[in-house]
Amino acid sequence: MRTAAKNLAETNDGELLASFVEDRQPEAFAEIVRRHGPLVLGVCRSVLGNSHDAEDAAQAVFLALFHKAASLKRHPALAGWLHQVAWYVAAHEKRAITTRMRHEQEATAMKQRESQTISESIAPDLLHEGLSRLPEKYRLPIIMHHLEGHSQEEVASLLGEKSGTIMSRLNHGRQMLRDRLAKTGAAVSVAALTTAMAGQATAGVSSAFVASVTKMAALSLTAKAAAAGAASAKVLALSKGALSMLFMAKVKVAAMLTAAVCLVGATAAGTYVAVAAGPGNRTVKPPAPAAAPAIPPKTDLPRVETVAPANPSTPPASSGQATIIEITDKVLVKDTIRLGVNTGDDGVFSGCIAVKKRIQDNFEGTIYRQCHWGIGDENGLASWFGTTPEWNKLLMDGTYTVLSGPSKQTSGKLKAVGEKTIKNQGKDQKLVYFELDKPITKAEKCGLLVENLDRTREGQFRPQDERYIAKGSEIAILDDKDKAPDSFGCAALFMKSEGGPAFVGYRTFVQRFADNNGMWNVEFWAKTKQGSPKFTVTFCAGPNVNSPLASQPVELTNEWKKHKVSLKVAGYPEPTGNNDNEQPFLGACGAIVLQSEGGQVLVDDVEAWQEGDKNPTAFRDEYVDAIKLFSPGSLRFIQMGGNSMENTIMPPNKAYSCSFRRGDAPGPYCMRQKNPYGMNEFLALCEYVGAEPWYCVPGTLHLDEAKALMEYLGGPADSKYGKIRADLGHAKPWTETFRQIHIEFGNEAWNNAPPFYE
């Protein structure tokens, strides 16, 4: 076993956790409790005062630790982590006790409790809060030296640093802590601060405490539910709060009107450029960008430094001076991150050929959602935003959620959609009026989400236009017993072949942006509905479907079967100019065409991709390589409009279309928005290129969906949305993959989302 080679007392914290998680050794966890129990109990007792409350809080800290053991097993020293969680749990419990005492009108007792201090001028709350806010490299040595009693040499050995380095960090950290405390009004000397911290040390923990916590740890090896049963309800509640705190510390949710990433750029190796103006005519070739790391670490990186010329009144151009780009390793700003990059849609005609799968069509219906803002009365809301008669009819069968005002989070069925006259600036104005099935409180400003999710069952198929070809095909809605095995939704494409062949064509990309030549794979489900149709899959250059570059017949039966066709495309004509997109139909864009003749066919879940990409993500090698070239610190994906949170997560072949624009005409044969990739594919791309994700969620979002997003990002694999993440190929929470996940709400989701939610 891992710890058999040396005594437990000589094993570092990370190795002990690894022995607990991987080798199932409860005694390894017991050693951690014995080692750090005095620290955790000391923090809890100094903040709470009451020994019983402190022991409950300390147990909750260690309960949180074994829930997070798998992600912490690489940490050689846990003192910093345990101190921060202990401070959070104790402070949270103290606030709860304060509230209870206030309700019980025990002001005198509370005053006595709050007067307990560790010195004449430093309250325990302030001390531990100040410690928790120090940078890790200063905080951890202070905790290990002053609160746990390790010598400077022991701290250096445990952290793998030189003794002089630890001494310097202790001195600097104590001064930083003193300065932080001074800002709160606790003006103390460094000597008094050192004495105060020494008074926090706890001699040890009882064997009963170690046994109790170790029992929970041992039970967790078989089942976390059993471990929970060994803890009191209070301990469980405190531990759950701690885990929520740790989760929210990693996922930052912000409502913002603008999203600007103004960060200093650099290569992954940490080399920056400094710009200087001065005499001479020297040029320096910048270094080639290095490959991005798997996860961007915090690094001490420099910024761009500008040095003025000797005579700033004389412009460089008039004096023959040149701007010199000079490479320097001088650190000017620490803890910066690399410049961020925006991603976007897959642009067949714009050159942004992003995703590998050029076809992902499941023929499923549309999510219809809109946010409205207006005046709420007892029965509904008069919206300042108009709708159309078609949307009014659509929403008559819809639902609502109140987003703001005194009745926020009220939801139900829309009772009616009509008009109401409102007095506005002395004039009568007719507004769209949503009548609700429940009474709400009057509000001058009120946000309302209205939606119809039942229309997902009507299917979706784009009609023929200048960039799309289809003939003799329509949507078929199937019962569960009639649809293809494991198919998402209920719709399929019905190719009728009446009066000639039926076909549907899908664009690949314009040749001048990417090469259509090569091996293409096409997968789809199909079955014969009537007759003995001749079915073919072809690859065409432009609109001429009768002159394919590659073609393959497919033999169908009257039972659903998944078919895979491989087409080798060669001799694709090269573009003749920049105006080749102006040709009718598919123009100079490649096309994969499914065609049926002489019978009726059902087709579902069509996918196609070109062979040759090596990277494991959903994105083409050229796209990924272009991102790596910039080595971004973050990637940002903007998602517009009226999608739902769950639909946002799913890949295109498991998702519906969405609509929010008032000009959209509801129905199965209209153009609809559908993202070329889902949130899961985007996060996997960020993980692969070593960038922090910056995701702009849809403007239509309510509280339950925000909670669902949090669970998807950080919940365990057995939770509802954690299971969706695991089923999509990422069992580990995304919050354990990235240092930070940026969630943006508002910008470019109409740029006026805040009024709905105020």
| Any side-chain heavy-atom pair from Gln595 and Thr538 closer than 4.5 angstrom? | no
| message | Does either side chain, that of Glu744 or that of His742, offer a donor lying less than 3.5 Å from an acceptor on the other one? | response | no
| request: Name the orientation class of the two ring planes belonging to Trp520 and Phe509 (parallel below 30°, tilted from 30 to 60°, perpendicular beyond 60°). | output: tilted
| Does Arg636 use its side chain to pair, donor to acceptor, with the backbone of Trp694 at less than 3.5 Å? | no
| message | Distance alone, cut at 3.5 Å: any donor-acceptor contact between the side chains of Ser596 and Ser497? | response | yes
| message | So does Asn643 get a backbone contact from the side chain of Arg369, meaning a donor-acceptor N/O pair under 3.5 Å? | response | yes
| note | The reported gap from NZ in Lys568 to CD in Glu611 (rounded to nearest 0.5 angstrom) is 10.5 Å
| Does a donor on one side chain sit under 3.5 Å from an acceptor on the other, for Arg358 and Thr508? | no
| request: Would you check if Glu687 and Leu683 make a side-chain contact, meaning some heavy-atom pair closer than 4.5 Å? | output: no
| field | Trp525 and Trp560 aromatic ring geometry - parallel, tilted or perpendicular at 30°/60° bounds | value | perpendicular
| said: Parallel, tilted or perpendicular: which one describes the rings of Phe535 and Phe524, with boundaries at 30° and 60°? | reply: tilted
| request: Supply the atom-to-atom distance Glu646 CD to Tyr656 OH, rounded to the nearest 0.5 angstrom. | output: 9.0 Å
| field | Any donor-acceptor N or O pair under 3.5 Å, side chains Tyr506, Asp361 | value | yes
| query | Looking only at atom types and distance, does a side-chain atom of Lys614 sit under 3.5 Å from a main-chain N or O of Asp621, one as donor and one as acceptor? | reply | no
| query | Between Asn653 and Asn362, does any side-chain donor sit less than 3.5 Å from a side-chain acceptor? | reply | no
| query | Under a 4.5 Å cut-off applied to non-hydrogen side-chain atoms, are Leu478 and Leu602 in contact? | reply | yes
| Should the ring pair Phe461 and Tyr669 be called parallel, tilted or perpendicular, given that the plane angle runs from 0 to 90° and is split at 30 and 60? | perpendicular
| Once you round to the nearest 0.5 Å, how far does CG of Asp454 lie from CG of Leu394? | 10.0 Å
| query | Considering only heavy atoms from C-beta outward, does the side chain of Pro651 approach that of Glu681 to under 4.5 Å? | reply | yes
| Whether Phe637 and Phe682 hold their rings parallel, tilted or perpendicular, with breakpoints at 30° and 60° | tilted
| message | How long is the straight-line distance from CG of Leu713 back to CE of Met679, given to the nearest 0.5 Å? | response | 6.5 Å
| query | Can you name the nearest heavy-atom pair linking Ala691 to Pro632, along with the distance? | reply | CB-O, 3.5 Å
| query | Between Asn680 and Tyr712, is any side-chain donor less than 3.5 angstrom from a side-chain acceptor? | reply | yes
| message | Against Thr366, only a single residue in Glu458, Gln460, Arg455 fulfils side-chain hydrogen bond (donor to acceptor under 3.5 Å, both in side chains); can you say which? | response | Gln460
| request: Hey, could you give me the CZ/SG distance between Arg512 and Cys589, rounded to the nearest 0.5 Å? | output: 11.0 Å
| Is the shortest distance from a Lys or Arg side-chain nitrogen in Asp480 or Lys483 to a carboxylate oxygen in the other one below 4.0 Å? | yes
